[in-house]
Asks: 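Submitted below is the structure of interest, expressed as C-alpha cells.
For this chain, numbers begin at 1 and follow the sequence in order.
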Amino acid sequence: MEVFIKSFFPDGSFSLEMYRIIFKNNRQLIYNSIFVSTLSTLGTIFIAISIALYATFSNTKIKGIISAILMLTMISPPFVSSLSYIILFGRRGLITHRLLGLSISPYGWHGIVMMQIAGSVSIAALLIIGIMSSIDRNLINASLDLGESPSNTVKKVILPLAKPGIVAASFLTFVKSISDFGTPIIIGGRFNVLATEAYLSVIGRGNLPRAAAISVIILIPSLFIFQIYRYHMESTQLLSASGAKLKNNDNFGFNMGKTLTFFLGFITSLFLTFMVLQYIAIFLSAISDYRTGTLIFTTEYIKAVRFSLMPSFFRSIRYSFIAGIATSIIGLLLSYYIERRNLKIGKTMDFISTLPYIMPGPFFGIAYILAFNKNPIAITGTGLIVVLNCIFRQIPISTKAASAALKNISIELEYAARDLGSPNIKVIWGIVMPLLKPAFLVSFVNTFTATMTTVGAIIFLITPSSRVATVEMFNVLRDGKYGLASVLASILIITTLIINVSFSALLMGNSKISKE
C-alpha cells in the first residue's frame, strides 16, 4: 500500500504527473521489459520441459545426476554469474575470443535474455519434474496400448497432465524476469528496462515517487499474466484416478523414441554444460589472474578474505534457514486452504501472497522501510525485518509449487480419512503434507538459496549489525575487486549447496523410511 500511496500522492496530494512523465518519456522501457520477459519465459519453459521429460523418463542414476546439477545451478550469487558470462562470452572471453577467435559483445537484450533463462530454468525444471514424477503411469501405458506413438503420448497425455507445473513455472519466470534489475544493469548495456529505471530512481536520484509509479506500471503486465495463470489452474482437470505417486513410478521405463530422446538429451546436455562452465568460471576467477592476457594461478584473493567477513556468512545461514522453513510451511498451508477449502477470499489471498514477488526487489525493500519504521511495528534496522522480507518475497514460489502438486492429489483421499473419523488437523499433517514433500523441498531450496544470494530488497534493510554475505560481496564488486568477489561467491555456493543437499537427503530419506 505504501507503494501506491507514494506513486499517487508524491507530495501529499493526489497527482498523476509521475505517470504522465513516464508514459511520455519512457514508453520504450515498457516495450523493452515485456519483450525480454516474454522471450525469457518462452526460452525457460522450452528448456525446462525438455529437461523434465528427459530426466523423468531416464533411469534413476541419470535423473539423480540431472537433479543434483539443477539444484547446484540454482545457487547463483547475484552479479558474479553475469561476470562469469562476460569472462566466457565477452569480447575477450575465454570461449568466444580465445577458443573461437570471435569478438562478440555480450551486452544488450540478448545477454539479458540468456542470463535470465540461465537463472530460471533450474527451478522451473525441478518444479515440472516434480509434477511429471507424480503422473499415474497407467495412463501412459493405456495410451501406448491404444496404439498412440510415444511422441503423441508425450503431447496428448504427459504434457496436459504436467500443465499445472508448466503454468506455475511460466508465471513465476515472467514475474521474476520483469522485476529483475540486476541483470540489465550489468549485461544490458544501453538496453534499459523498467525495473532498472525504478532501481536507479531510488539509488541514483532518490526519487521515491517516480520509483513507486514505475513499480505500479510493472504490475500491469504481471497482473495480466497472473489472471491467465489463475484461469488455467482453475480449468485444469484432475485426470489421475488416485492422484498418489505409484510405487513403480521410479522404475518406470518409457521409451520416447530415438529422435525425441536424442533431441531432449541434447538440449539437456547443452544447458547443463553451459551452467557448469559458468560455475567453473567463478571458481577459476577465485584462484587465477587474467589481467595480463595470460592465465596465472594465484592465492592472493583467498588470502585477502578477512575473518571479519565470517559473521556475515553465519548470519546469512541463520536468516536463510529460518526463512526457508517458515516460507515452506506458510506457503503450503496457504495453498491448501486456497485450493481445497474454496474460501470466498481465496483468490484475494492468492493475489496478496503473489504481489510481493511481482514488485521490484529494491522498491519492495524500501516499502518495508516506509511501513515498519514507526510504532507499533518499528523493526527497521533489525534482523527480523530482513527475515520477514525474504519470507514474504518467496512465498509465491511455495504456494505455486504446492498448488501444482495439489492438482495431482485426489481429494478423495481426504474425504476417506474424514469418513473414518480423522479430524482436519490429522488429515492435513498426516495425509496432505507427506504428499507435498516434493513441493516443500522445492520451496525450501528456493527460499534458502534466494535468501543466501539475494541483494535487491535487503540491501536497503541491513545495518552494520545485520549485514549479510551478499552485501559484503556487492561492496567488493562495487570496488572492482572481482577476484575477491569470486572467492566470496565460491564460499556462498559451497555453503548453500552443502545445506541444500543435506536437508534434501534428510527430508526425502525420512519419506522413504516412512513408506517402508
Asks: Go through the structure and list residues passing side-chain contact (heavy atoms from CB on, under 4.5 Å) with S143, not counting sequence neighbours.
Replies: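 If we apply the side-chain contact (heavy atoms from CB on, under 4.5 Å) test to S143, skipping adjacent residues, the hits are E148, T153, V157.
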Asks: Do any N or O atoms from the side chain of N32 and from the backbone of V193 form a donor-acceptor pair under 3.5 angstrom?
Replies: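 No; judged by distance alone, with no hydrogens or angles, the pair does not exist.
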Asks: Check the pair F46, I117 against side-chain contact (heavy atoms from CB on, under 4.5 Å), reporting the backbone distance first and the verdict last.
Replies: CA-CA 10 Å; F46 172 74; I117 290 176; over 6 Å; no
Asks: A side-chain contact here means heavy atoms from C-beta on lying under 4.5 Å apart; do I287 and F283 qualify?
Replies: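 They are not in side-chain contact.
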Asks: Mind checking whether L70 and I51 have side chains closer than 4.5 Å, heavy atoms only?
Replies: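 Answer yes - side chains close enough.
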Asks: With side-chain contact (heavy atoms from CB on, under 4.5 Å) as the test, would you mind laying out the steps for T41 and F171 before giving the verdict?
Replies: CA-CA 8 Å; T41 302; F171 169 71; over 6 Å; no
Asks: List in chain and number order the residues that pass side chain to side chain donor-acceptor pair (under 3.5 Å) with S335, two or more places apart in sequence or in another chain; answer none if no residue qualifies.
Replies: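 Result, side chain to side chain donor-acceptor pair (under 3.5 Å) vs S335: S403.
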Asks: Sort out for me which residue in T44, D180, T173 forms a side chain to side chain donor-acceptor pair (under 3.5 Å) with Q116.
Replies: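 Exactly one pass, corresponding to D180.
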Asks: Can you list, pair by pair, the side-chain donor-acceptor contacts under 3.5 Å of residues 262-276, counting residues two or more places apart and other chains?
Replies:
unit_1: T268; atom_1: OG1; unit_2: L264; atom_2: O; d: 2.8
unit_1: S269; atom_1: OG; unit_2: G265; atom_2: O; d: 2.8
unit_1: T273; atom_1: OG1; unit_2: S269; atom_2: O; d: 2.7

Asks: Looking at residues at least two apart in the chain, or sitting in another chain, which of them share a ring pair (Phe, Tyr, Trp, His ring centres under 6.0 Å) with F313?
Replies: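 With sequence neighbours excluded, F313 shows a ring pair (Phe, Tyr, Trp, His ring centres under 6.0 Å) to no residue whatsoever.
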Asks: When you compare the side chain of Y54 with that of I62, does any pair of heavy atoms fall below 4.5 Å?
Replies: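 They are in side-chain contact.
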Asks: Is any side-chain heavy atom of T447 closer than 4.5 Å to one of S398?
Replies: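 No; the side chains remain at least 4.5 Å from each other.
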Asks: Going by side-chain contact (heavy atoms from CB on, under 4.5 Å), name the residues that satisfy it together with L39, two or more places apart in sequence or in a different chain.
Replies: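 In terms of side-chain contact (heavy atoms from CB on, under 4.5 Å), with neighbours along the sequence ignored, L39 is linked to F35, W109, V113.
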Asks: Quick one: which of L127, I225, I123 gives a side chain to side chain contact (heavy atoms under 4.5 Å, CB included) with L172?
Replies: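 Filter result, single survivor: L127.
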Asks: Counting distance only, does the side-chain N/O of S33 pair as donor-acceptor with the main-chain N or O of L194 below 3.5 Å?
Replies: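 Yes, S33 side chain to L194 backbone: donor-acceptor pair under 3.5 Å.
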Asks: Do T470 and M452 have side-chain heavy atoms sitting under 4.5 Å apart?
Replies: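 A side-chain contact under 4.5 Å is absent here.
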Asks: Give the C-alpha distance, both sets of side-chain angles, the deciding distance and a yes or no for side-chain hydrogen bond (donor to acceptor under 3.5 Å, both in side chains) between Q394 and T327.
Replies: CA-CA 7 Å; Q394 298 302 323; T327 299; over 6 Å; no
Asks: Holding to side-chain contact (heavy atoms from CB on, under 4.5 Å), I want the full list of residues that pass it with T38, two or more places apart in sequence or in another chain.
Replies: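 In terms of side-chain contact (heavy atoms from CB on, under 4.5 Å), with neighbours along the sequence ignored, T38 is linked to I34, L42, F174.
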Asks: Between P150 and L260, is any pair of side-chain heavy atoms under 4.5 Å apart?
Replies: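 Contact flag for P150/L260 side chains = no.
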Asks: Check whether any side-chain heavy atom of M132 lies under 4.5 Å from a side-chain heavy atom of L159, and answer yes or no.
Replies: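 A side-chain contact under 4.5 Å exists here.
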Asks: Using the rule given for side-chain contact (heavy atoms from CB on, under 4.5 Å), can you reason through I140 versus F57, listing the C-alpha separation, both sets of side-chain angles and the distance that settles it, and then say yes or no?
Replies: CA-CA 12 Å; I140 299 175; F57 300 109; 3.9 Å; yes
Asks: I'd like to know if the side chain of S133 and the backbone of G130 have a donor-acceptor N/O pair within less than 3.5 Å.
Replies: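 No, S133 side chain to G130 backbone: no donor-acceptor pair under 3.5 Å.
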Asks: Is a side-chain N or O of S328 found less than 3.5 angstrom from the main chain of F444, in a donor-acceptor match?
Replies: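 At least one qualifying donor-acceptor pair exists.
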Asks: For the pair T299 (side chain) and I302 (backbone), establish whether a donor and an acceptor sit closer than 3.5 Å, ignoring hydrogens and angles.
Replies: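 A pair under 3.5 Å: no.
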